Structures are given as structure tokens and as C-alpha cells.
Novice: 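Questions regarding the structure given below will be posed in turn.
These figures come from a predicted structure and were not determined experimentally.
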Amino acid sequence: MGLLLLWLVGPPPAQAYEATEVSGVQAYRQQLARTLLQKVRNLRHRTPGGTVLVRFVVGRDGVVTQSGIETSSGAEATDRLAARIVPVGTKLPPLPAEAPIPSLAVTVPLHFVGREAPMTESLNAYRLELLRLFAYRVRGLPHRMLTGGRLAIRFTVEREGLVTHSAIARSSGNQSIDELGLRIVPVGLKVPPMPPDLGPRMQITLPLRFGLAPNI
């Protein structure tokens, strides 16, 4: 999941201080980083993943008095999880005694790793349906390829079947083949709607295989 990066920003309306040079603040930032990273790791969730920029104000006693999302991940489920990490009222470590400030404004990027739903009968059937659709789209490519390859593509699909995110999860080792993969599953592609029991959206990873076209 990697290390959380943590830095200070200017004061919001509640007179929180920017304190990059105040004694003890650097060590305090590292302590907050470890605390919030552990909170993220302790979550048991299903999410498309992504990074959310969260801004909050912490008082001398370590209580969070303001909290909100500065920059969305683009996935509602991920943003909701981020809001659970540092809500108003959260008790964090108190400000360092040597820091002569009443409060501190902090902006934190929280990174969530995408986790797919457990394999169920309906999910397995849906994945097979998508595999058939993508194989059909590969066969319909209007040009011959000089090389083949196999890659994995990770995408987010909404309940109604709209692809809202698409990326290469495992490269084929050939940039042109990877670019073809993104053409097969582009953002905005309409695929069959998700089964009702799978939730409002889902992140799915599927393999794509490109074979050599016959000589003409």
C-alpha cells in the first residue's frame, strides 16, 4: 500500500496554523502518518481503490475539529472510506508540547488498494460474459497485428454497465499491444449491466489475448 505522504497546508477558516518550522512538528507529522496508515490497513472493505486527499484540523489535545475531502478519488465508495479514517471527533496523538500552536491544519493523501468482490456464481457468470464480449471486440479489430501478446486490464464498471475507469494491470511487454487493450476496454464503453447482487459498481481484472493476424 506504500507509505502515506503527509504535509502541512495553510490555515482554513478556523485559524489552524501552518507550522512547517515549528519545533516538534516534523516528528508529529511522521507519527500521524503511521497512525493513519494503520487505520487504512485495518479496514476490511471492497472498493475500486484510488487516492483521496483529506484535509483536517487537529487541536492541541489531538481531537479532530474539522475534516473534509479536498480532492475526490473519483469513486464514491473510496471517498466514503476515506471520510471514515479522520472524521470530526477522532482522537489522534496530541500536538507536541514544544509546539506553541493551538491547532494544526493537515492535508493527507490516503491511498486505497482496489479489492474485488468475492467470487460468486453470478460474478463468475458476469466475468465470462465480459470475456466473450472483449474477445469479440479483439476479433473485430480493423487491422492486422505484427505481434501478439497477452495482458491484464483492470476496469471499473457501474451497475448499468458503463466503464468509468480503465488501466493496464499487467503489461504485455509491448506498448502497441497495451494500447490496443485500452481500446478494447475504454472509459465510456457500454457493457452488459451488472447483476443486482453485485452492488452499485465493481472493479474487475480480466486477461486479454491478441494473436497474430494471418498474412494477406
Novice: Determine, using the 4.5 Å side-chain heavy-atom cutoff (strictly less than), whether L208 and L128 are members of one ILVMFWY cluster.
Specialist: yes

Novice: Using the rule that Ile, Leu, Val, Met, Phe, Trp and Tyr join whenever any side-chain heavy atoms are under 4.5 Å apart, tell me whether I101 and L32 fall into a single cluster.
Specialist: yes

Novice: Mind checking whether L81 and V40 sit in one hydrophobic cluster, side chains of I, L, V, M, F, W, Y counted as touching below 4.5 Å?
Specialist: yes

Novice: Could you tell me which residues satisfy ring-ring contact (aromatic ring centres under 6.0 Å, His included) with Y126, sequence neighbours excluded, listed by chain and number?
Specialist: none

Novice: Do any N or O atoms from the side chain of R127 and from the backbone of L206 form a donor-acceptor pair under 3.5 angstrom?
Specialist: no

Novice: Quick one, F210 and L151 - any side-chain contact, counting heavy atoms below 4.5 Å?
Specialist: yes

Novice: What distance do R154 atom CZ and R170 atom CZ have between them, rounded to the nearest 0.5 Å?
Specialist: 10.0 Å

Novice: Mind checking whether T71 and V52 have side chains closer than 4.5 Å, heavy atoms only?
Specialist: no

Novice: Looking only at non-hydrogen atoms, find the nearest pair between V57 and S103 and report the distance.
Specialist: CG1-CB, 4.0 Å

Novice: If you round to the nearest 0.5 Å, how far is CD of E129 from CZ of F134?
Specialist: 10.0 Å

Novice: For the side chain of K39 and the backbone of V86, is there at least one donor-acceptor N/O pair under 3.5 Å apart?
Specialist: no

Novice: Is any side-chain heavy atom of L123 closer than 4.5 Å to a side-chain heavy atom of M202?
Specialist: yes

Novice: Within a 6.0 Å radius of atom CZ on R209, are there more than 12 heavy atoms belonging to other residues, nucleotides or ligands?
Specialist: no

Novice: Check A105 against R55 and note the closest heavy-atom contact, atom names and distance.
Specialist: CB-NH2, 4.5 Å

Novice: Quick one: do T65 and V58 satisfy side chain to side chain contact (heavy atoms under 4.5 Å, CB included)? Show the steps, please.
Specialist: CA-CA 6 Å; T65 58; V58 59; over 6 Å; no

Novice: Tell me the closest heavy-atom pair linking S67 and V54, and the distance in Å.
Specialist: OG-CG1, 4.3 Å

Novice: Considering all heavy atoms of both residues, which atom of P192 and which atom of L133 are nearest to each other, and what is their separation?
Specialist: CD-CD2, 3.9 Å

Novice: Quick one: does any side-chain atom of R183 pair with a main-chain N or O of L141 as donor and acceptor, under 3.5 Å?
Specialist: no

Novice: List the residues meeting side chain to side chain donor-acceptor pair (under 3.5 Å) with S122, not counting sequence neighbours, and say none if there are none.
Specialist: T120, D197

Novice: Tell me whether R201 contacts the main-chain N or O of V157 through its side chain, where contact means a donor paired with an acceptor under 3.5 Å.
Specialist: no

Novice: Nearest 0.5 Å, what's the CG-NE2 distance between L53 and H111?
Specialist: 14.0 Å

Novice: Is there a path from F155 to V138 through hydrophobic residues (I, L, V, M, F, W, Y) whose side chains come within less than 4.5 Å of each other?
Specialist: yes

Novice: With hydrophobic residues grouped by side-chain heavy-atom distances under 4.5 Å, do I85 and V64 end up in a single group?
Specialist: yes

Novice: Closest approach of S166 and V185, non-hydrogen atoms and distance?
Specialist: OG-O, 2.5 Å

Novice: Would you say E70 and T107 are linked by a side-chain donor-acceptor pair, where the criterion is simply a distance under 3.5 Å?
Specialist: no

Novice: Could you check if a side-chain atom of P207 sits within less than 4.5 angstrom of a side-chain atom of R150, using non-hydrogen atoms only?
Specialist: yes

Novice: Measuring from L180:CG to N174:CG, what's the distance to the nearest 0.5 Å?
Specialist: 8.5 Å

Novice: If the condition is side chain to side chain donor-acceptor pair (under 3.5 Å), which residues does E179 pass it with, not counting sequence neighbours?
Specialist: Q175

Novice: For the CD1 atom of I204 and the CG atom of L130, what is their distance to the nearest 0.5 Å?
Specialist: 5.5 Å

Novice: Quick one: closest heavy-atom pair of V25 and A99, and the distance?
Specialist: CG2-CB, 4.4 Å

Novice: I need the Q31 CD to L92 CG distance, nearest 0.5 Å.
Specialist: 9.0 Å

Novice: Could you walk me through whether V88 and F56 pass the side chain to side chain contact (heavy atoms under 4.5 Å, CB included) check?
Specialist: CA-CA 8 Å; V88 171; F56 62 93; over 6 Å; no

Novice: Between Y28 and P93 (side chain of the first, backbone of the second, donor and acceptor by atom type, cut-off under 3.5 Å), is there such a pair?
Specialist: yes

Novice: Check whether any side-chain heavy atom of I184 sits under 4.5 Å from a side-chain heavy atom of Y136, and report yes or no.
Specialist: no

Novice: Just by modelled atom types, is the S73 backbone N or O under 3.5 Å from a matching donor or acceptor in the D79 side chain?
Specialist: yes

Novice: So does S172 get a backbone contact from the side chain of D178, meaning a donor-acceptor N/O pair under 3.5 Å?
Specialist: yes

Novice: Using a 4.5 Å cut-off on heavy atoms from C-beta on, say whether the side chain of V187 contacts that of T164.
Specialist: no

